Every structure is written in structure tokens, then in C-alpha cells.
Amino acid sequence: MKSKFRSLASLLVLAAVGALVVAGCGGGSSSAGGGDFVSGAEAACGSANKQIAALGTPQQEQVTRYLEKTEAVIVKLHQEVAALDGSGAAETAYTAGLAKAIPVLTAMTNAARSENFDAVRELSSGLVEIHLGELAEEAKLKTCAEVPVSES
């Protein structure tokens with residue numbers, strides 16, 4: 001039963017992280033320089049999607065490493081998107097939402113290191129509540145709306 005619960009916890013983590021990554025590059029093109037933001041965000045999102053997909057689907061014992069690597073990818077993605085200086089409402093909202101996701105991922109990673117998978121599962125709902133996917137859809141960023149497909 002405990003193993004079944006841990007597998008469920010792994011799936012919930014993947015679902016929450018997937019929701020985050022799908023939204024990885026949200027933004028908008030409402031500013032005059034929006035094209036630069038969009039093209040830069042799309043490129044950053046494409047790279048992040050490839051990195052996340054390359055991680056594959058973790059087994060229970062791999063969740064901590066998966067979260068550590070995912071966190072690093074999302075931190076880098078946030079830095080790249082924030083450096084694009086999007087000034088439109090969707091760009092600003094997305095960048096702020098991505099910034100909110102980082103401490104949630106950090107807390108999830110720390111909980112996984114402590115083998116507190118109940119906390120990992122509970123914290124994963126915080127990623128979903130940020131609604132980054134909706135921001136990406138509103139911004140019509142195709143690459144950013146794609147779900148990374150696991151390579152394993």
C-alpha cells in the first residue's frame with residue numbers, strides 16, 4: 001500500500017510539474033517590443049521543454065533528482081524570460097507567476113529530500129494554482145503550450 005501511495009505521489013508531482021512546464025514560457029505581445037519577447041520566450045520554452053522531456057518519468061527513488069533538475073531548468077527559464085523585459089500585461093503576469101513557481105518547486109524538492117512525499121503532493125497543488133498554463137494560452141505561444149513528451 002505504501003509503495004502504491006508513493007507511486008501515486010510521483011504521478012501527482014509529474015502532473016503538477018507538467019502543468020508548470022506547459023506554461024513555461026507564457027507571456028504576451030501587447031508591448032511594442034512584444035515580438036522580441038515572444039520569439040525569445042518561445043526559444044527559451046523550447047529549450048526547457050527538451051530538458052524536461054529528457055528527464056523521463058521518474059520512479060519513486062528518482063523523484064528528488066527529477067525535482068532538482070526541473071527546478072534548475074525553471075530557474076534558468078525564469079531568468080531568460082525576465083531578461084526579455086516584457087512590458088505587456090500578459091508578459092508581466094507570466095513572469096510574476098513563474099517567479100512564484102520557483103519557491104514552490106524548491107519546497108517540493110526539499111520535501112522530497114526528506115522523503116516527505118505527502119508534503120510533495122500537497123505542495124504540487126501550489127503549482128497548479130498559479131495557472132501559468134492559462135497565461136501561455138492567452139498569449140498564444142505555441143511552443144510554450146506544448147507538453148514535453150518524456151524520452152523514456
Side-chain angles (χ1 to χ4, degrees), residues 9-113 117 119-152:
S10 295
L11 290 174
L12 290 171
V13 167
L14 289 175
V17 171
L20 172 68
V21 174
V22 166
C25 306
S29 57
S30 57
S31 65
D36 291 339
F37 182 87
V38 170
S39 63
E42 288 278 271
C45 190
S47 175
N49 283 351
K50 287 178 185 174
Q51 292 174 57
I52 297 296
L55 295 176
T57 303
Q59 299 300 313
Q60 178 63 33
E61 64 276 0
Q62 300 166 326
V63 169
T64 300
R65 185 162 168 78
Y66 177 88
L67 285 171
E68 289 169 344
K69 288 185 174 190
T70 299
E71 181 182 354
V73 169
I74 300 304
V75 166
K76 180 180 178 197
L77 177 62
H78 174 256
Q79 291 168 344
E80 291 173 353
V81 171
L84 296 170
D85 291 327
S87 60
E91 296 164 354
T92 302
Y94 169 73
T95 303
L98 190 56
K100 289 179 187 178
I102 293 169
V104 176
L105 277 168
T106 300
M108 289 173 66
T109 302
N110 289 335
R113 285 183 186 121
F117 296 104
V120 172
R121 181 179 44 79
E122 290 172 20
L123 289 163
S124 70
S125 67
L127 290 178
V128 176
E129 292 172 7
I130 296 170
H131 300 290
L132 288 171
E134 293 174 18
L135 293 174
E137 287 178 16
E138 289 173 16
K140 296 177 177 51
L141 295 171
K142 184 177 179 178
T143 302
C144 300
E146 294 174 356
V147 177
V149 178
S150 174
E151 294 178 1
S152 64

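No experiment lies behind these values; they were computed from the predicted model shown.
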If you take all heavy atoms of [X] and [Y], which pair is closest and at what distance?
{"X": "Ala48", "Y": "Leu77", "answer": "CB-CD2, 4.1 Å"}
{"X": "Pro58", "Y": "Gly56", "answer": "CD-O, 3.6 Å"}
{"X": "Val63", "Y": "Ala112", "answer": "CG1-CB, 4.4 Å"}

(message) To the nearest 0.5 Å, what is the distance between CG on Leu123 and CZ on Phe117?
(response)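 So the CG of Leu123 and the CZ of Phe117 are separated by 12.5 Å.
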
(request) Output the distance between atom CD1 (Ile102) and atom CD1 (Ile74), rounded to the nearest 0.5 Å. (result)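 These two atoms lie 8.0 Å from each other.
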
(request) For Ser124 and Arg121, indicate whether the former's side chain and the latter's backbone hold a donor-acceptor pair under 3.5 Å. (result)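 Indeed, once roles are kept as given, a pair shorter than 3.5 Å links the two residues.
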
(message) Going by the rule side-chain contact (heavy atoms from CB on, under 4.5 Å), which residues pair with Glu129 if we only count those two or more places apart in sequence or in a different chain?
(response)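 For Glu129 the side-chain contact (heavy atoms from CB on, under 4.5 Å) partners, ignoring immediate neighbours, are Ser125.
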
(request) Identify, with sequence neighbours excluded, every residue that meets side-chain contact (heavy atoms from CB on, under 4.5 Å) alongside Ala82. (result)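 Ala82 satisfies side-chain contact (heavy atoms from CB on, under 4.5 Å) with His78, Thr95 only.
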
(request) Tell me, please, which residues at least two apart from Lys100 pass salt bridge (charged side-chain N to carboxylate O under 4.0 Å, His left out). (result)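 Partners of Lys100 by the salt bridge (charged side-chain N to carboxylate O under 4.0 Å, His left out) criterion come out as none, since no residue qualifies.
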
(message) Applying side-chain contact (heavy atoms from CB on, under 4.5 Å) to Leu67 and Val120, what does each step give before you reach the verdict?
(response) CA-CA 10 Å; Leu67 285 171; Val120 172; 4.3 Å; yes

(request) For the pair Phe37 and Val81, evaluate side-chain contact (heavy atoms from CB on, under 4.5 Å) and give the outcome as yes or no after the intermediate values. (result) CA-CA 8 Å; Phe37 182 87; Val81 171; 3.6 Å; yes

(request) Identify, with sequence neighbours excluded, every residue that meets side chain to side chain donor-acceptor pair (under 3.5 Å) alongside Ser47. (result)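 Testing Ser47 for side chain to side chain donor-acceptor pair (under 3.5 Å), a comparison that skips the adjacent residues, returns Gln51.
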
(message) Under the salt bridge (Lys or Arg N to Asp or Glu O under 4.0 Å) definition, can you give me all pairs with a residue in residues 63-74, not counting sequence neighbours?
(response)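 Listed once each, the pairs are Glu68-Arg113.
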
(request) State, yes or no, whether a side-chain contact exists between Leu105 and Leu127 at a heavy-atom distance under 4.5 Å. (result)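 When only atoms from C-beta onward are counted, Leu127 and Leu105 do touch, with a gap below 4.5 Å.
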
